[in-house]
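For reference, the structure discussed in these notes is given below.
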Amino acid sequence: MTRNLYLFCSAAQPVFDVAHVIEDAQSRGWNVCLGLTPTAARWLSVSLDGLAALTGHPVRWEYKLPGEPDVWPVADALLFAPATFNSLNAWALGLTDRFTHGVAAEALGKGIPVVAMPCTNSALAAHPQFDQSLAVLRGAGVELLYGEGGFVPGPAGQDGPAHFPWQAALDAVDRAGTDRA
């Protein structure tokens with residue numbers, strides 16, 4: 001039985017590892033559909049065709065037009081990682097102008113298991129809206145991998161985390177997908 005995973009990525013340094021993450025998810029039995037924020041799509045623009053070939057699905061960062069068929073299978077789970085400060089706050093506030101935010105918001109209402117791993121620095125994480133957004137998403141049923149056992153923010157000014165815990169994210173998705181089956 002094939003399980004369908006929507007892997008959504010924001011524009012943060014770990015997005016450059018997404019091909020390896022897709023391969024790892026596929027080795028775990030997931031059929032992966034990759035969605036990106038517009039900035040992440042721009043960052044990966046030279047790799048989009050290769051990522052589509054790797055997944056067997058078009059990489060999406062925009063909504064389809066009315067009347068167009070949906071090109072992805074129905075999700076069994078959704079992983080939003082790396083999820084930036086902006087993406088988490090917009091998602092929690094219900095701001096769905098971005099494809100990834102809108103589909104992630106709908107997944108909550110559809111009962112699809114959702115796992116998210118923030119990727120931000122400690123200065124942004126100190127902003128009061130961040131904790132409120134995390135609380136809203138947790139309250140909606142999102143498994144957030146933040147802090148011990150997940151992502152731990154580093155100081156502002158660094159290019160990105162030295163290590164992004166992709167394995168923990170995929171392990172959480174595996175558990176969520178198994179619980180739903």
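Values below: every heavy atom of this structure, side chains too, minus hydrogens, waters and symmetry copies.
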Could you state the interatomic distance from [atom1] ([X]) to [atom2] ([Y]), rounded to the nearest 0.5 Å?
X      : Y      : atom1 : atom2 : answer
Met117 : Phe164 : CE    : CZ    : 5.0 Å
Leu79  : Tyr6   : CG    : OH    : 14.0 Å
Leu137 : Glu143 : CG    : CD    : 13.0 Å
Thr39  : Leu44  : OG1   : CG    : 11.0 Å
Cys9   : Ile22  : SG    : CD1   : 7.5 Å
Thr100 : Leu7   : OG1   : CG    : 11.0 Å

Would you say [X] and [Y] make side-chain contact, with heavy atoms under 4.5 Å?
X      : Y      : answer
Leu108 : Trp91  : yes
Pro153 : Tyr146 : yes
Phe99  : Pro38  : no
His57  : Val71  : no
Leu124 : Phe130 : no
Leu48  : Trp61  : yes
Val173 : Trp30  : yes
His101 : Ser87  : yes

Given the rule that I, L, V, M, F, W and Y join up when any side-chain heavy atoms are under 4.5 Å apart, are [X] and [Y] in one cluster?
X      : Y      : value
Leu134 : Val136 : no
Leu78  : Leu95  : no
Leu93  : Val114 : no
Trp43  : Trp166 : yes
Phe16  : Val18  : yes

Distance-minimising heavy-atom pair for [X] and [Y]:
X      : Y      : value
Pro58  : Ala52  : CA-CB, 4.3 Å
Lys64  : Arg60  : N-NH2, 3.2 Å
Ala156 : Ser122 : N-OG, 4.1 Å
Leu36  : Ala41  : CD1-CA, 3.7 Å
Leu170 : Ala25  : CD2-CB, 4.0 Å

- Item | Asp76 side-chain N/O to Asn4 backbone N/O, donor-acceptor pair under 3.5 Å |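 Yes.
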- Item | Short side-chain to backbone donor-acceptor contact, Thr120 and Thr84, under 3.5 Å |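 Not confirmed, Thr120 side chain does not pair with Thr84 backbone.
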- Message: Apply side chain to side chain contact (heavy atoms under 4.5 Å, CB included) to residues Val152 and His163 and explain how you reach the verdict.
- Response: CA-CA 10 Å; Val152 177; His163 171 73; over 6 Å; no
- Report the C-alpha separation of Ser10 and Phe80 in whole Å, then their side-chain angles, then the decisive distance to 0.1 Å, and conclude whether the side chain to side chain contact (heavy atoms under 4.5 Å, CB included) test is met. CA-CA 8 Å; Ser10 299; Phe80 204 142; 3.3 Å; yes
- Task: Check side-chain hydrogen bond (donor to acceptor under 3.5 Å, both in side chains) between Gln26 and all other residues, then give those that pass, not counting sequence neighbours.
- Result: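 With neighbours one apart ignored, the set is empty.
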- Message: According to side-chain hydrogen bond (donor to acceptor under 3.5 Å, both in side chains), who are the partners of Gln167, at least two apart in sequence or on a separate chain?
- Response: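 In terms of side-chain hydrogen bond (donor to acceptor under 3.5 Å, both in side chains), with neighbours along the sequence ignored, Gln167 is linked to Asp24, Arg28.
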- Mind checking what makes salt bridge (charged side-chain N to carboxylate O under 4.0 Å, His left out) contact with Glu106, not counting sequence neighbours?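 Testing Glu106 for salt bridge (charged side-chain N to carboxylate O under 4.0 Å, His left out), a comparison that skips the adjacent residues, returns Lys110.
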- Task: Mark yes when over 12 heavy atoms from residues, nucleotides or ligands other than Asp17 sit less than 6.0 Å from its CG; otherwise mark no.
- Result: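 More than 12 heavy atoms, drawn from other residues, nucleotides or ligands, come within 6.0 Å of this atom.
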- side chain to side chain contact (heavy atoms under 4.5 Å, CB included) assessment of Thr96 paired with Tyr63: CA-CA 10 Å; Thr96 59; Tyr63 287 107; 3.8 Å; yes
